[in-house]
Structures are given as structure tokens and as C-alpha cells.
Amino acid sequence: MKLLAIDCAANLCAACVYDAAAGKELGRSVLDLGKGHAEHLMGVIEEALGTSRTDYSGLGAIAVSTGPGSFTGLRVGVSAARGLALALKVPAIGVTTLEALAAQARVTFPGRAVLAALDAGREEIHAALYDEASVLIYGPSVTTLSQAAAIAVDCSAVLAGTATSQIAASVGRAFDTGPIGATADIAVYARLATAKDDGEKPKPLYLRGADAKPQAGFILSRQKN
């Protein structure tokens with residue numbers, strides 16, 4: 001089976017085609033955008049399909065990063081994945097950014113617990129802890145820096161994600177570290193998706209509410225008849 005994986009959870013707009021039977025990537029396209037995922041995603045997908053010499057009819061599943069991450073980017077990626085899956089009559093499979101970061105870290109540090117942690121601003125961290133057997137034992141949750149640091153110390157965990165340096169500074173010592181970005185390599189999402197299909201449609205993983213709030217001054221009072 002060939003699988004298309006897409007990731008719009010952070011700055012990157014990425015896609016790759018992965019051969020599940022052979023366990024290898026066939027082609028990819030990655031843009032570092034920051035914003036504008038909606039305008040570029042389909043072009044990125046087309047380029048990944050082209051470099052892999054695959055067309056839509058050759059796909060057996062669609063994988064997508066579900067966050068935590070950018071609110072807009074997650075909506076774009078998940079909507080595209082579900083739309084393509086519906087049109088092609090294939091499964092859509094969600095993979096969180098935290099499990100992908102942990103999986104990528106485990107390539108370098110097999111058999112180790114991994115704490116995937118993202119700096120969420122407002123003195124908050126989005127974190128998930130995976131044990132030595134890759135089993136999720138904590139999170140995904142919103143936590144504080146001190147709580148994340150305590151988990152890392154207690155479990156002698158490998159760190160991954162954008163909060164890595166903050167946690168190490170809080171503890172006052174270095175840790176073994178995996179990827180320190182806001183998202184994992186696109187092929188990791190594809191690889192993880194080949195091992196899971198729980199039948200549920202992917203949806204964005206939002207660990208807190210959106211930053212944008214309606215301004216009270218623009219709320220109109222309801223008129224009485």
C-alpha cells in the first residue's frame with residue numbers, strides 16, 4: 001500500500017508518499033512557509049506525488065498531523081486529508097505531533113522513555129510522555145515548565161520538541177535530545193500511520209482555546225420584537 005502523509009501543524013507545509021510494504025519513502029515536498037498552508041498544500045501534494053511517480057488512484061490511505069500546533073494549519077491539513085480520503089474512498093489516519101516527535105527521537109535513542117514537549121506560550125507546555133516500549137503514559141496535556149521538568153527527571157527521559165531547552169535550563173543539566181522543532185520529519189508521520197487505523201476520522205488536537213476572541217464592543221445586543 002502507498003500512503004500519502006501531510007503535515008501543516010507548524011511552519012512547514014509537507015507531504016510525502018510512503019510505501020508501507022517496503023517501509024520506505026518514495027518522494028516528498030516540503031515548504032517552510034510559516035503561513036499560507038491553504039494556498040500551497042495542494043501544490044506540495046502534487047509535487048510529492050510527482051517525485052514518487054504515483055497518482056491519487058495509487059494511494060491506499062491518507063495520513064495527517066493532528067497537532068497540537070497552529071490552529072489554522074491543523075484545520076487546513078485535517079480538512080484536506082479527510083476530503084481526499086472521502087474522494088478516494090480510503091482511510092484517513094491522524095498522528096499527533098507529539099507522538100511523531102517521540103518516535104523520531106526513539107530512532108536515535110531506542111528503548112528509552114521520551115518526553116515530547118512543545119512551548120505553547122503563556123508559560124504553558126504541551127507535553128506527552130512515552131515509556132520505553134513507546135506506550136503513552138502521560139498526556140497529551142497542558143502542563144507547566146516545572147511539571148514537565150519533574151517528569152523528565154523522574155523518568156530519565158529523552159527530550160523532543162521546542163520546549164527542550166527550557167526544560168534543560170529549568171533542571172540545570174543537559175538531557176539526551178531528539179528533534180527540537182515544532183514538528184517531526186514528514187516520513188515519521190507516514191511510518192506511524194501504517195501501523196494504526198482505528199477507524200476514527202482525524203480531527204485537530206486542540207489543548208487550549210483559540211487566541212482570537214470576539215471583541216465585546218462589536219457584539220450587538222439582541223433586539224426585542
Side-chain angles (χ1 to χ4, degrees), residues 3 5 7-12 14 16 18 20 23-25 63-70 73-74 77 93-198 200 202-208:
L3 176 147
D7 174 25
C8 299
N11 286 353
L12 300 182
C16 85
Y18 189 85
K24 68 176 183 179
E25 177 186 327
V64 62
S65 57
T66 58
S70 159
L74 293 178
I93 305 165
V95 178
T96 73
T97 53
L98 296 172
E99 64 182 309
L101 286 165
Q104 188 171 338
R106 194 168 288 104
V107 172
T108 306
F109 301 99
R112 295 278 303 279
V114 181
L115 177 65
L118 298 173
D119 180 4
R122 303 179 186 174
E123 301 182 353
E124 294 178 346
I125 290 177
H126 294 165
L129 177 67
Y130 298 83
D131 70 9
E132 295 82 356
S134 304
V135 177
L136 177 66
I137 57 176
Y138 171 82
S141 300
V142 179
T143 188
T144 64
L145 177 58
S146 61
Q147 290 171 330
I151 293 171
V153 171
D154 290 344
C155 299
S156 299
V158 175
L159 300 182
T162 55
T164 293
S165 60
Q166 293 171 267
I167 294 171
S170 175
V171 175
R173 70 170 177 83
F175 286 81
D176 290 330
T177 61
I180 59 173
T183 190
D185 184 83
I186 184 61
V188 177
Y189 289 98
R191 175 170 59 83
L192 291 176
T194 62
K196 62 189 291 187
D197 180 13
D198 53 16
E200 292 187 9
K203 57 184 179 182
L205 174 61
Y206 297 137
L207 296 183
R208 73 180 185 201

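Side chains are part of it too, since the values below use all heavy atoms of this structure and drop only hydrogens, waters and symmetry mates. If you read the sequence from its start, that first residue is 1, and numbering goes on from there.
Salt-bridge check for R106 with E132: failed, with every basic side-chain N at 4.0 Å or more from each acidic carboxylate O.
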(request) Test V95 against K196 for side chain to side chain contact (heavy atoms under 4.5 Å, CB included), laying out the working first. (result) CA-CA 9 Å; V95 178; K196 62 189 291 187; 4.3 Å; yes
(message) Pair T177, F109 - check side chain to side chain contact (heavy atoms under 4.5 Å, CB included), show working.
(response) CA-CA 9 Å; T177 61; F109 301 99; 5.9 Å; no
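The shortest distance between side-chain heavy atoms of I125 and L145 falls below 4.5 Å. Using a 4.5 Å heavy-atom cutoff, the side chains of L118 and T97 are in contact. When side chains are defined from C-beta on, I93 does not count as touching E200, because their heavy atoms never get closer than 4.5 Å. The shortest side-chain heavy-atom distance between L205 and P140 falls under the 4.5 Å cut-off. For the pair Y206 and T66, the minimum side-chain heavy-atom distance is 4.5 Å or more. Side-chain contact between Y138 and I151: present, with at least one pair of heavy atoms (C-beta onward) separated by less than 4.5 Å.
At distances below 3.5 Å, at least one donor-acceptor pair connects side-chain atoms of R112 with backbone N or O atoms of S156.
Here the closest non-hydrogen pair linking I167 and A149 is CG2-CA, 3.9 Å.
For D154, there are no side chain to side chain donor-acceptor pair (under 3.5 Å) partners, not counting sequence neighbours.
Summarising the local packing, NZ of K203 is surrounded by 12 or fewer heavy atoms from other residues, nucleotides or ligands at distances under 6.0 Å. Crowding of I137 atom CD1: a count of heavy atoms from other residues, nucleotides or ligands under 6.0 Å exceeding 12.
Using modelled atom types and a 3.5 Å distance limit, the side chains of Y189 and T183 yield a donor-acceptor pair. Donor-acceptor pairing under 3.5 Å is recorded for the side chains of S146 and T144. Side-chain contact annotation: D119 with T162, donor-acceptor N/O pair under 3.5 Å absent.
Taken from CG in L115 to CG in L101, the straight-line distance is 11.0 Å, to the nearest 0.5 Å. Separation of atoms OG (S134) and CD (E99) is listed at 10.5 Å; rounding is to 0.5 Å.
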